[in-house]
2 protein chains.
Amino acid sequence: MMNEKQRATSRFLIKQRLFIKLYLLKYIEDGRLYGIQMLEQIRDRFQSEGYKPNHADIYRALHELVDSGVIKASKRKLTEDSYQEILIYYIRDTQKAAIIKEQGIKELKDSAALLKKALDDLED
Amino acid sequence: MMNEKQRATSRFLIKQRLFIKLYLLKYIEDGRLYGIQMLEQIRDRFQSEGYKPNHADIYRALHELVDSGVIKASKRKLTEDSYQEILIYYIRDTQKAAIIKEQGIKELKDSAALLKKALDDLED
DNA sequence: TCATGAACATAGTGTTCATTA
DNA sequence: TAATGAACACTATGTTCATGA
(Lines give C-alpha, C1' and ligand atoms only; values in the text may rest on other atoms or scores of the structure.)
Protein backbone atom coordinates (compact mmCIF):
# COMPACT_ATOMS: atom_id res chain seq x y z
CA MET A 1 0.00 0.00 0.00
CA MET A 2 1.10 3.50 -0.74
CA ASN A 3 -0.87 5.87 1.38
CA GLU A 4 0.57 5.57 4.83
CA LYS A 5 1.50 9.21 4.53
CA GLN A 6 -0.42 11.51 6.81
CA ARG A 7 -2.94 13.66 5.00
CA ALA A 8 -2.33 17.35 5.31
CA THR A 9 -4.59 18.98 7.85
CA SER A 10 -5.44 21.69 5.38
CA ARG A 11 -6.37 21.45 1.76
CA PHE A 12 -6.55 24.40 -0.54
CA LEU A 13 -6.84 23.70 -4.26
CA ILE A 14 -6.06 20.63 -6.32
CA LYS A 15 -2.37 20.03 -6.79
CA GLN A 16 -0.88 20.42 -10.23
CA ARG A 17 0.54 16.90 -10.02
CA LEU A 18 -2.89 15.33 -9.67
CA PHE A 19 -4.33 17.63 -12.28
CA ILE A 20 -1.72 16.46 -14.77
CA LYS A 21 -2.26 12.81 -13.86
CA LEU A 22 -5.91 13.12 -14.77
CA TYR A 23 -5.04 14.30 -18.25
CA LEU A 24 -2.32 11.70 -18.65
CA LEU A 25 -4.75 8.90 -17.76
CA LYS A 26 -7.22 10.27 -20.26
CA TYR A 27 -4.63 10.43 -23.03
CA ILE A 28 -3.29 6.99 -22.17
CA GLU A 29 -6.77 5.50 -22.33
CA ASP A 30 -7.58 7.26 -25.57
CA GLY A 31 -4.55 6.60 -27.68
CA ARG A 32 -0.87 6.06 -28.09
CA LEU A 33 1.04 9.13 -27.16
CA TYR A 34 4.45 9.44 -25.63
CA GLY A 35 5.43 11.87 -22.93
CA ILE A 36 6.30 14.93 -24.93
CA GLN A 37 3.20 14.53 -27.04
CA MET A 38 1.00 14.48 -23.96
CA LEU A 39 2.79 17.55 -22.70
CA GLU A 40 2.07 19.30 -25.98
CA GLN A 41 -1.59 18.29 -25.79
CA ILE A 42 -1.96 19.86 -22.37
CA ARG A 43 -0.10 22.98 -23.42
CA ASP A 44 -2.28 23.35 -26.48
CA ARG A 45 -5.43 22.81 -24.47
CA PHE A 46 -4.54 25.52 -21.96
CA GLN A 47 -2.67 27.90 -24.19
CA SER A 48 -5.37 30.53 -23.89
CA GLU A 49 -5.26 30.27 -20.10
CA GLY A 50 -1.51 30.76 -20.03
CA TYR A 51 -0.93 27.44 -18.31
CA LYS A 52 2.19 25.88 -19.73
CA PRO A 53 3.54 22.97 -17.69
CA ASN A 54 7.11 21.87 -18.29
CA HIS A 55 8.35 18.47 -19.25
CA ALA A 56 9.59 17.58 -15.78
CA ASP A 57 6.06 17.92 -14.46
CA ILE A 58 4.81 15.38 -16.97
CA TYR A 59 7.62 12.89 -16.39
CA ARG A 60 7.29 13.09 -12.63
CA ALA A 61 3.57 12.38 -12.90
CA LEU A 62 4.16 9.49 -15.31
CA HIS A 63 6.81 7.98 -13.05
CA GLU A 64 4.55 8.16 -10.02
CA LEU A 65 1.79 6.42 -11.97
CA VAL A 66 4.21 3.71 -13.07
CA ASP A 67 5.67 3.28 -9.58
CA SER A 68 2.22 2.90 -8.07
CA GLY A 69 1.28 0.27 -10.63
CA VAL A 70 -1.42 2.23 -12.37
CA ILE A 71 0.18 2.32 -15.79
CA LYS A 72 3.04 0.56 -17.52
CA ALA A 73 5.52 1.76 -20.08
CA SER A 74 6.49 0.05 -23.29
CA LYS A 75 9.53 0.98 -25.32
CA ARG A 76 9.05 1.74 -29.00
CA LYS A 77 11.01 3.19 -31.86
CA LEU A 78 9.74 6.57 -32.96
CA THR A 79 9.78 5.42 -36.58
CA GLU A 80 10.73 2.14 -38.24
CA ASP A 81 14.14 3.34 -39.34
CA SER A 82 14.73 5.61 -36.39
CA TYR A 83 17.16 5.17 -33.57
CA GLN A 84 15.03 7.35 -31.33
CA GLU A 85 13.22 5.45 -28.59
CA ILE A 86 10.00 6.59 -27.00
CA LEU A 87 7.82 5.28 -24.20
CA ILE A 88 4.19 4.44 -24.85
CA TYR A 89 1.99 3.94 -21.83
CA TYR A 90 -0.88 1.59 -21.08
CA ILE A 91 -3.26 1.22 -18.21
CA ARG A 92 -2.06 -1.58 -15.98
CA ASP A 93 -4.63 -1.46 -13.19
CA THR A 94 -8.03 -0.20 -14.23
CA GLN A 95 -9.22 -0.22 -10.64
CA LYS A 96 -6.41 1.99 -9.42
CA ALA A 97 -6.84 4.30 -12.38
CA ALA A 98 -10.52 4.65 -11.57
CA ILE A 99 -9.73 5.57 -7.99
CA ILE A 100 -7.31 8.26 -9.04
CA LYS A 101 -9.79 9.65 -11.52
CA GLU A 102 -12.58 9.64 -8.99
CA GLN A 103 -10.48 11.36 -6.38
CA GLY A 104 -9.16 13.82 -8.93
CA ILE A 105 -12.59 14.79 -10.19
CA LYS A 106 -13.69 15.27 -6.63
CA GLU A 107 -10.81 17.62 -5.95
CA LEU A 108 -11.48 19.48 -9.17
CA LYS A 109 -15.07 20.01 -8.08
CA ASP A 110 -14.14 21.00 -4.55
CA SER A 111 -11.59 23.46 -5.90
CA ALA A 112 -14.11 24.95 -8.30
CA ALA A 113 -16.61 25.33 -5.47
CA LEU A 114 -14.06 27.02 -3.24
CA LEU A 115 -13.14 29.50 -5.95
CA LYS A 116 -16.77 30.22 -6.71
CA LYS A 117 -17.44 30.95 -3.06
CA ALA A 118 -14.48 33.32 -2.96
CA LEU A 119 -15.57 35.09 -6.11
CA ASP A 120 -19.03 35.61 -4.64
CA ASP A 121 -17.47 37.04 -1.51
CA LEU A 122 -14.86 39.21 -3.12
CA GLU A 123 -16.02 40.31 -6.50
CA ASP A 124 -17.45 43.82 -6.73
CA MET B 1 9.14 48.93 -6.25
CA MET B 2 8.55 45.32 -5.46
CA ASN B 3 7.99 43.43 -8.62
CA GLU B 4 11.37 43.23 -10.23
CA LYS B 5 11.09 39.49 -9.79
CA GLN B 6 10.69 37.54 -12.98
CA ARG B 7 7.20 36.20 -13.46
CA ALA B 8 7.04 32.45 -13.61
CA THR B 9 6.77 31.13 -17.13
CA SER B 10 3.94 28.87 -16.10
CA ARG B 11 0.92 29.64 -13.99
CA PHE B 12 -1.43 27.03 -12.68
CA LEU B 13 -3.95 28.12 -10.06
CA ILE B 14 -4.05 31.10 -7.73
CA LYS B 15 -1.62 30.86 -4.85
CA GLN B 16 -2.97 30.45 -1.36
CA ARG B 17 -0.99 33.50 -0.23
CA LEU B 18 -2.81 35.80 -2.63
CA PHE B 19 -6.12 34.13 -1.89
CA ILE B 20 -5.68 34.89 1.80
CA LYS B 21 -4.59 38.46 1.12
CA LEU B 22 -7.85 39.10 -0.68
CA TYR B 23 -9.85 38.05 2.35
CA LEU B 24 -7.60 39.98 4.71
CA LEU B 25 -8.05 43.17 2.72
CA LYS B 26 -11.79 42.65 2.77
CA TYR B 27 -11.87 42.12 6.53
CA ILE B 28 -9.56 45.07 7.13
CA GLU B 29 -11.76 47.32 5.06
CA ASP B 30 -14.92 46.11 6.73
CA GLY B 31 -14.04 46.23 10.38
CA ARG B 32 -11.56 45.90 13.18
CA LEU B 33 -10.34 42.40 13.51
CA TYR B 34 -6.99 41.18 14.63
CA GLY B 35 -5.01 38.36 13.06
CA ILE B 36 -6.46 35.37 14.82
CA GLN B 37 -9.97 36.65 14.33
CA MET B 38 -9.45 36.97 10.61
CA LEU B 39 -8.05 33.46 10.58
CA GLU B 40 -11.17 32.21 12.34
CA GLN B 41 -13.38 34.04 9.87
CA ILE B 42 -11.72 32.32 6.95
CA ARG B 43 -11.83 28.95 8.66
CA ASP B 44 -15.52 29.36 9.43
CA ARG B 45 -16.26 30.47 5.91
CA PHE B 46 -14.60 27.41 4.38
CA GLN B 47 -15.31 24.88 7.06
CA SER B 48 -17.63 22.94 4.79
CA GLU B 49 -14.96 22.84 2.09
CA GLY B 50 -12.38 21.46 4.50
CA TYR B 51 -10.05 24.37 3.92
CA LYS B 52 -8.42 25.27 7.21
CA PRO B 53 -5.43 27.59 6.85
CA ASN B 54 -3.05 27.88 9.77
CA HIS B 55 -2.01 30.96 11.65
CA ALA B 56 1.39 31.24 10.00
CA ASP B 57 -0.32 31.62 6.63
CA ILE B 58 -2.29 34.61 7.89
CA TYR B 59 0.66 36.29 9.59
CA ARG B 60 2.90 35.86 6.58
CA ALA B 61 0.27 37.44 4.36
CA LEU B 62 -0.26 40.30 6.81
CA HIS B 63 3.47 40.94 7.06
CA GLU B 64 3.85 41.04 3.31
CA LEU B 65 1.00 43.52 3.06
CA VAL B 66 2.60 45.67 5.74
CA ASP B 67 6.06 45.44 4.20
CA SER B 68 4.75 46.48 0.82
CA GLY B 69 2.98 49.48 2.33
CA VAL B 70 -0.55 48.36 1.59
CA ILE B 71 -1.74 48.21 5.20
CA LYS B 72 -0.47 49.39 8.56
CA ALA B 73 -0.73 47.86 11.99
CA SER B 74 -1.79 49.57 15.18
CA LYS B 75 -1.23 48.13 18.63
CA ARG B 76 -4.21 47.82 20.94
CA LYS B 77 -5.07 46.20 24.21
CA LEU B 78 -7.50 43.33 23.84
CA THR B 79 -9.65 44.75 26.62
CA GLU B 80 -9.33 47.84 28.83
CA ASP B 81 -7.96 45.96 31.81
CA SER B 82 -6.09 43.38 29.80
CA TYR B 83 -2.38 42.97 29.42
CA GLN B 84 -2.90 41.18 26.11
CA GLU B 85 -1.87 43.20 23.09
CA ILE B 86 -3.32 42.72 19.62
CA LEU B 87 -2.69 44.27 16.24
CA ILE B 88 -5.48 45.99 14.38
CA TYR B 89 -4.88 46.74 10.71
CA TYR B 90 -5.86 49.61 8.47
CA ILE B 91 -5.53 50.28 4.78
CA ARG B 92 -2.53 52.53 4.22
CA ASP B 93 -2.50 52.75 0.42
CA THR B 94 -5.88 52.45 -1.22
CA GLN B 95 -4.30 52.41 -4.65
CA LYS B 96 -2.02 49.51 -3.89
CA ALA B 97 -4.85 47.64 -2.22
CA ALA B 98 -6.98 48.09 -5.31
CA ILE B 99 -4.23 46.71 -7.51
CA ILE B 100 -3.87 43.62 -5.38
CA LYS B 101 -7.58 43.07 -5.35
CA GLU B 102 -7.86 43.52 -9.07
CA GLN B 103 -5.03 41.13 -9.76
CA GLY B 104 -6.39 38.65 -7.24
CA ILE B 105 -9.88 38.65 -8.67
CA LYS B 106 -8.38 38.12 -12.10
CA GLU B 107 -6.45 35.12 -10.89
CA LEU B 108 -9.51 33.76 -9.15
CA LYS B 109 -11.43 33.98 -12.40
CA ASP B 110 -8.64 32.49 -14.47
CA SER B 111 -8.34 29.63 -12.01
CA ALA B 112 -12.07 29.00 -12.05
CA ALA B 113 -12.04 28.96 -15.85
CA LEU B 114 -9.14 26.52 -15.96
CA LEU B 115 -10.90 24.16 -13.56
CA LYS B 116 -14.12 24.39 -15.50
CA LYS B 117 -12.34 23.48 -18.69
CA ALA B 118 -10.74 20.49 -17.02
CA LEU B 119 -14.04 19.33 -15.58
CA ASP B 120 -15.62 19.51 -19.02
CA ASP B 121 -12.76 17.45 -20.42
CA LEU B 122 -12.51 14.89 -17.67
CA GLU B 123 -15.87 14.42 -16.06
CA ASP B 124 -17.84 11.38 -17.16
C1' DT C 1 -2.24 32.86 28.76
C1' DC C 2 -2.94 34.08 24.07
C1' DA C 3 -1.75 36.76 20.11
C1' DT C 4 2.07 37.33 17.48
C1' DG C 5 6.02 36.05 15.16
C1' DA C 6 10.10 33.28 14.04
C1' DA C 7 12.43 28.91 12.97
C1' DC C 8 12.53 24.80 10.89
C1' DA C 9 11.41 21.14 7.78
C1' DT C 10 9.35 19.45 3.77
C1' DA C 11 6.73 19.33 -0.52
C1' DG C 12 5.91 21.18 -4.90
C1' DT C 13 7.64 22.87 -8.82
C1' DG C 14 10.66 25.36 -12.43
C1' DT C 15 15.23 25.25 -14.54
C1' DT C 16 19.13 23.13 -15.91
C1' DC C 17 22.07 19.32 -16.81
C1' DA C 18 22.80 14.35 -18.24
C1' DT C 19 21.94 10.17 -20.88
C1' DT C 20 20.75 7.10 -24.50
C1' DA C 21 20.54 5.31 -28.95
C1' DT D 1 19.21 15.23 -31.91
C1' DA D 2 14.98 14.44 -29.55
C1' DA D 3 12.92 12.02 -25.81
C1' DT D 4 13.63 10.77 -21.34
C1' DG D 5 15.20 11.28 -16.84
C1' DA D 6 17.92 13.21 -12.99
C1' DA D 7 19.85 17.01 -10.32
C1' DC D 8 19.51 21.23 -8.41
C1' DA D 9 17.54 25.31 -6.49
C1' DC D 10 13.98 27.99 -4.93
C1' DT D 11 9.26 29.01 -3.42
C1' DA D 12 5.23 27.89 -0.88
C1' DT D 13 3.51 26.03 2.94
C1' DG D 14 2.73 23.21 7.35
C1' DT D 15 4.52 22.40 12.01
C1' DT D 16 6.77 23.59 15.89
C1' DC D 17 9.02 26.62 18.96
C1' DA D 18 9.72 31.34 21.08
C1' DT D 19 8.37 35.86 22.91
C1' DG D 20 6.08 39.52 25.28
C1' DA D 21 3.17 41.78 28.42
Chemist: Quick one: B:Lys75 NZ to C:dA3 C1', roughly how many Å, whole number?
Modeler: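 These atoms are roughly 12 Å apart.
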Chemist: Identify each donor-acceptor pair in which a side-chain atom of residues 32-39 of chain B lies under 3.5 Å from a protein atom, sequence neighbours left out, and give them as a table.
Modeler:
unit_1  : atom_1 : unit_2  : atom_2 : d
B:Gln37 : OE1    : B:Tyr34 : N      : 3.1

Chemist: Please give, in whole Å, the distance from D:dA12 P to A:Leu13 CG?
Modeler: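 Answer to the nearest Å: 15 Å.
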Chemist: What is the distance from CG of B:Asn54 to C1' of C:dA3, rounded to the nearest Å?
Modeler: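 So the CG-C1' distance, B:Asn54 to C:dA3, works out to 15 Å.
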Chemist: Find out whether A:Glu49 and B:Lys117 are in side-chain contact, i.e. whether some heavy atom of one side chain is under 4.5 Å from a heavy atom of the other.
Modeler: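 Result yes, sub-4.5 Å side-chain heavy-atom pair found.
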Chemist: Compare the minimum distances between each of C:dT1, D:dT13, C:dG14 and the side chain of A:Asp57, then state the nucleotide with the smallest one.
Modeler: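 Nearest listed nucleotide: C:dG14.
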Chemist: According to side-chain hydrogen bond (donor to acceptor under 3.5 Å, both in side chains), who are the partners of B:Lys101, at least two apart in sequence or on a separate chain?
Modeler: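 If we apply the side-chain hydrogen bond (donor to acceptor under 3.5 Å, both in side chains) test to B:Lys101, skipping adjacent residues, the hits are B:Glu29.
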Chemist: So which one's nearest nucleotide on DNA chain D is more toward 5', A:Gln84 or A:His55?
Modeler: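 It is A:Gln84, whose closest nucleotide lies nearer the 5' terminus.
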Chemist: Considering heavy-atom distances to DNA chain C, does A:Lys15 or A:Ala56 have its closest nucleotide positioned more toward the 5' end?
Modeler: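 That would be A:Lys15.
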Chemist: May I ask you to check whether A:Phe46 and A:Phe19 place their ring centers less than 6.0 Å from one another?
Modeler: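 Yes, ring centres under 6.0 Å apart.
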Chemist: I'd like to know if A:Arg11 reaches the base of D:dG14 with its side chain, counting only an N/O donor and acceptor under 3.5 Å.
Modeler: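 Not at all, since no donor on one side and acceptor on the other fall under 3.5 Å apart.
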Chemist: Whole-Å distance between D:dA3 P and A:Tyr83 OH?
Modeler: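 Spelled out: OH on A:Tyr83 to P on D:dA3 is 10 Å.
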Chemist: Applying salt bridge (Lys or Arg N to Asp or Glu O under 4.0 Å), can you list everything that pairs with B:Asp121, at least two apart in sequence or on another chain?
Modeler: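 Applying salt bridge (Lys or Arg N to Asp or Glu O under 4.0 Å) to B:Asp121 gives A:Arg45.
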Chemist: Let's see if you can work this out: which of D:dA21, C:dA3, C:dG14 has an atom nearest to the side-chain heavy atoms of B:Ile86?
Modeler: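 Of the candidates, C:dA3 comes closest.
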Chemist: Separation of B:His63 atom NE2 from D:dA12 atom C1', in whole Å?
Modeler: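 Checked: the NE2 to C1' distance equals 17 Å.
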Chemist: Mind checking A:Tyr89 for me? I need base, sugar-phosphate or nothing, with any heavy atom below 4.0 Å counting as a touch.
Modeler: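 The answer is sugar-phosphate, as A:Tyr89 gets under 4.0 Å only of primed atoms, P, OP1 or OP2.
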Chemist: Check the distance between C:dA11's P and A:Phe12's CZ and give it to me in whole angstrom.
Modeler: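 Going from A:Phe12 (CZ) to C:dA11 (P), I get 20 Å.
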Chemist: Report the residues that fulfil salt bridge (Lys or Arg N to Asp or Glu O under 4.0 Å) with A:Lys77, sequence neighbours left out, ordered by chain and then residue number.
Modeler: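 A:Lys77 satisfies salt bridge (Lys or Arg N to Asp or Glu O under 4.0 Å) with no residue once adjacent residues are dropped.
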Chemist: Starting at atom NZ of B:Lys52, determine the distance to atom P of D:dT13, rounded to an integer number of angstrom.
Modeler: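 Distance, rounded to whole Å: 17 Å.
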Chemist: Between atom CZ in A:Arg76 and atom C1' in D:dT4, what is the gap in whole Å?
Modeler: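 Interatomic distance, CZ of A:Arg76 to C1' of D:dT4: 16 Å.
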Chemist: Is the phosphate of D:dT4 approached by A:Tyr59 (side-chain N or O, under 4.0 Å from OP1 or OP2)?
Modeler: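 For D:dT4, OP1 or OP2 has a side-chain N or O of A:Tyr59 closer than 4.0 Å.
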Chemist: Using a heavy-atom cut-off of under 4.0 Å over every strand shown, decide if A:Leu87 touches base, sugar-phosphate, or nothing.
Modeler: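 If one applies the 4.0 Å heavy-atom cut-off, A:Leu87 turns out to touch the sugar-phosphate alone, with no base involved.
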Chemist: Pull out every residue in residues 28-46 of chain A that has a heavy atom closer than 4.0 Å to any atom of DNA chain D, ordered by number, or say none.
Modeler: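 Contacts with DNA chain D under 4.0 Å: A:Tyr34, A:Gly35, A:Ile36.
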Chemist: Quick one: salt bridge (Lys or Arg N to Asp or Glu O under 4.0 Å) partners of A:Lys72, sequence neighbours excluded?
Modeler: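 With neighbours one apart ignored, the set is empty.
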